[in-house]
Structures are given as structure tokens and as C-alpha cells.
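In what follows, chains carry the letters A, B, and so on, assigned in the order in which the sequence lines appear, proteins first and then strands, with residues in each chain numbered from 1. It should be emphasised that the depicted structure is a prediction, and the values quoted were computed from it without experimental measurement.
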Protein chains: 2
Amino acid sequence: MSTPGTTEGTVPSGHASPNVFCEHCPTRLVLDRLSDKWVVLILARLSEGPRRFNQLRREIEGVAQKMLSQTLKKMERDGLIGRQAFATVPVTVEYSITPLGLTLASKVVEIAHWAEENIEQVLAAQASYDAN
Amino acid sequence: MSTPGTTEGTVPSGHASPNVFCEHCPTRLVLDRLSDKWVVLILARLSEGPRRFNQLRREIEGVAQKMLSQTLKKMERDGLIGRQAFATVPVTVEYSITPLGLTLASKVVEIAHWAEENIEQVLAAQASYDAN
DNA sequence: CAGAATCCGAGGCGATACTG
DNA sequence: CAGTATCGCCTCGGATTCTG
């Protein structure tokens, strides 16, 4: 992490080292992406291999179709995933992860793992907190 | 990650293996926590050492004090951080990371690193996408 | 199949003011 | 210092409907 207390981070031109703690640093944008919980799940799925739209929709329970297409579009813009359309009838679209996206996915999958492994402890902590 | 396509995940009593992809699996709750972008930043800060309230406030630029206290409370409930009050005048409160929180923080810090290291590529991808 | 468009409510979040 | 309380914007995100 960048050095605490410094006030660089607004980046673009000057290239002061990016710093997530800095208010308007674009790195915050990455964190904002993860705020889409769907991004995490999509990354995880696509890192296993390419998927079609409705395939993703089925594999990620609870996602509304609007959210899915919206999120996919953002991720494509960020260069995290690629989109390829095939001129079949009806049209077929395949989403795949990019090399860049893959590096992020590897980090993100670890978070998902953490969630699956430690959820019990979290739930226990909540229960004990609430019992108070 | 849990096996795709299965429909366990609703967990609590039966202990089917938790699965983030499952709609009502409590592991989603963890992802929802990361949706608080502040959680990420707080974890990162506290993993460096204990902090006091206003100290955190200053070190995390842009956080409203309401959000900070709110987020800290949630994280305490989740067992990710601890809170200790000292009966000084005026009162002193110190937040610190728990062992559980530390394991999550280590994952999360990597995301922050990723953001700082790859932000340029993301911005470039966006620019090229928009130029289209 | 892969989406775009619209409607709409709940709540995330910030700004401000007050307290012990 | 370390919060709580209140207000209001405004976005997120779900449900529904329509299209090529």
C-alpha cells in the first residue's frame, strides 16, 4: 500500500503513485466496481471459462437480467472481460475473461473462498454480538 | 469455489457446503460487506495497527463520519474488528483488527494493491472503449 | 437468445447539527 | 474526542414489458 499520510493519488498526468486512500484517486474506481457484488461473481464464473448470457444468468442465482447486462457492459469497458457476438440465428454472444480480468479474478476468487470458509465464524460473531 | 450447478448453499442447519453463487447463501453477506467500499479501506488501515476514530477518519479521505461509525459498528458485529474504550477525558476509543479480520484483510489488501498497480490499464481500456 | 427501456421503491450515503 | 440524530438527494437494483 502507498505510504500513509501522503497526499498524492489524484494521479493521471503527474503519476504520483496511486493511493486508494486518497479521495479522488482513480483506484477508488476499482473498489467501486467491486461494490457491484455481481462483478465478483461474474469474474469468478468467467475465470472458469467463457459463458453465454443466459448461461451466466442461470449460474449466478438472483441476478436480474438488467443488472447482468449492465454489469457486463461496465466490465467490458474496464477491460476485464471480452464480448464476442456470433451471427447465428438467434444471435449467440459469448463473454470471456481478459488477461487483465484474470489477474483480478484470482484475487477476487480468494475472497469468495474466504467467505465460504469463514462464514460460520462471522455468523457466530454476529449472534454473540446481538445477544448483547 | 463450490461445485457449479449444485443447489445447496442455503446453509444454516443442514450444512450443505456454502456457495456464493447460491441466492440466499449467507456467504453473500460477506460480499455485501465488501460492497461497503469503506470496509476495504478500514481493513487495510487497521491491519497496519490499531487506530482511533478520528485518526481513521483522517487517514481515509472522503469518508463521512456517519459512514465511518456505521461501518465500524457493522464490522465489529461481524467479528472483523474489535473496539476498546478507555475512560480518559475525553474518552479514547481504539479500534483494532481481530485474527479473523486479519485473514480477510490480507486478501483485501491484495485487491487494493491490484487497483494501484493496474489502474492505468483500466483507464486505458475505458478510453479505448469510449473512443468507439 | 440477448438485450434495451421504463417504472418505481428501498436505502445508501453525504451534509449538517447536537451531545456526553 | 467519539460519537448520535435527522433530513433529503439520488442511485441501486428488482420487476415488468418490449424488440431484433
Side-chain angles (χ1 to χ4, degrees), chain A residues 20-25 28-42 45-46 50-78 81-96 129 132, chain B residues 20-25 28-42 45-46 50-78 81-96 129 132:
Chain A
V20 274
F21 295 108
C22 238
E23 182 154 16
H24 298 298
C25 180
R28 286 254 174 126
L29 169 160
V30 174
L31 300 185
D32 287 345
R33 277 296 164 278
L34 298 184
S35 288
D36 268 306
K37 65 180 168 193
W38 303 123
V39 169
V40 175
L41 298 172
I42 292 172
R45 278 310 188 199
L46 289 185
R51 307 283 152 120
R52 306 220 316 275
F53 188 85
N54 282 320
Q55 196 177 357
L56 274 174
R57 191 153 139 64
R58 267 172 277 120
E59 287 185 357
I60 300 175
E61 292 188 25
V63 65
Q65 165 268 358
K66 172 190 164 188
M67 280 299 101
L68 184 55
S69 72
Q70 210 170 78
T71 307
L72 287 169
K73 209 178 299 176
K74 278 192 228 166
M75 292 174 70
E76 189 193 354
R77 187 174 108 100
D78 291 346
I81 64 175
R83 191 196 111 116
Q84 189 169 8
F86 301 94
T88 56
V89 184
V91 70
T92 300
V93 178
E94 199 174 82
Y95 291 92
S96 57
Y129 183 96
N132 189 4
Chain B
V20 276
F21 296 108
C22 238
E23 181 154 17
H24 299 298
C25 181
R28 286 253 173 126
L29 169 162
V30 174
L31 300 185
D32 286 345
R33 278 296 164 279
L34 297 185
S35 290
D36 269 306
K37 67 179 166 193
W38 304 123
V39 169
V40 176
L41 298 173
I42 292 172
R45 279 311 189 197
L46 289 185
R51 305 285 152 118
R52 306 219 317 273
F53 187 85
N54 282 319
Q55 195 178 356
L56 274 174
R57 192 153 137 64
R58 266 173 278 120
E59 288 185 357
I60 301 173
E61 292 187 26
V63 65
Q65 139 273 25
K66 172 190 164 187
M67 279 299 100
L68 185 55
S69 73
Q70 210 171 80
T71 307
L72 287 169
K73 209 179 297 177
K74 279 193 229 165
M75 294 173 70
E76 189 193 354
R77 187 174 109 99
D78 291 345
I81 65 175
R83 190 196 112 116
Q84 190 170 7
F86 301 94
T88 55
V89 184
V91 70
T92 300
V93 177
E94 200 174 82
Y95 292 92
S96 58
Y129 182 97
N132 191 4

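For the pair Arg51(A) and Ile42(A), the minimum side-chain heavy-atom distance is 4.5 Å or more. Ile81(B) has its side chain within reach of Tyr95(B): a pair of non-hydrogen atoms, C-beta onward, lies under 4.5 Å apart. Side-chain contact between Trp38(A) and Leu68(A) is absent, with no heavy-atom pair separated by less than 4.5 Å.
In this structure, the CZ atom of Arg28(A) is 14 Å from the C1' atom of dG14(C), given to the nearest Å. Between Leu68(B) atom CG and dA5(D) atom P the separation is 17 Å, expressed in whole Å. The separation between Phe53(A) atom CZ and dG3(C) atom P is 6 Å, rounded to whole Å. The separation between Arg57(B) atom CZ and dA15(C) atom P is 10 Å, rounded to whole Å. With rounding to whole Å, Asp32(A) atom CG is found 10 Å from dG14(C) atom P. With rounding to whole Å, Met75(A) atom CE is found 14 Å from dG3(C) atom P.
Shortest non-hydrogen contact noted between Met67(B) and Gln70(B) is CE-OE1, 3.0 Å. Between Phe86(B) and Val91(B) the shortest heavy-atom distance is O-CG2, 3.3 Å.
Residues from residues 82-96 of chain A that place a heavy atom under 4.0 Å from any atom of DNA chain D: there are none.
Checking side-chain atoms of Arg45(A) against main-chain N and O of Val40(A) turns up no donor-acceptor pair under 3.5 Å. In this structure, Arg52(B) contributes its side chain and Glu94(B) its backbone to no donor-acceptor pair below 3.5 Å.
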Short N/O separations, protein against nucleotides 13-16 of chain D, under 3.5 angstrom:
unit_1: dG13(D); atom_1: OP2; unit_2: Asp36(A); atom_2: OD1; d: 3.4
unit_1: dG13(D); atom_1: N7; unit_2: Lys66(A); atom_2: NZ; d: 3.1
unit_1: dG13(D); atom_1: O6; unit_2: Lys66(A); atom_2: NZ; d: 3.4
unit_1: dG14(D); atom_1: O6; unit_2: Lys66(A); atom_2: NZ; d: 2.3

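Mapping Lys73(B) and Arg58(B) onto DNA chain D via the closest heavy atom, the residue that lands nearer the 5' end is Arg58(B).
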Open item on the list: Let's go through Leu72(B) and Leu56(B) carefully: what are the C-alpha distance in whole Å and the side-chain angles of both, what is the deciding distance for side-chain contact (heavy atoms from CB on, under 4.5 Å) to 0.1 Å, and is it a yes or a no?
Closed with: CA-CA 10 Å; Leu72(B) 287 169; Leu56(B) 274 174; 4.1 Å; yes
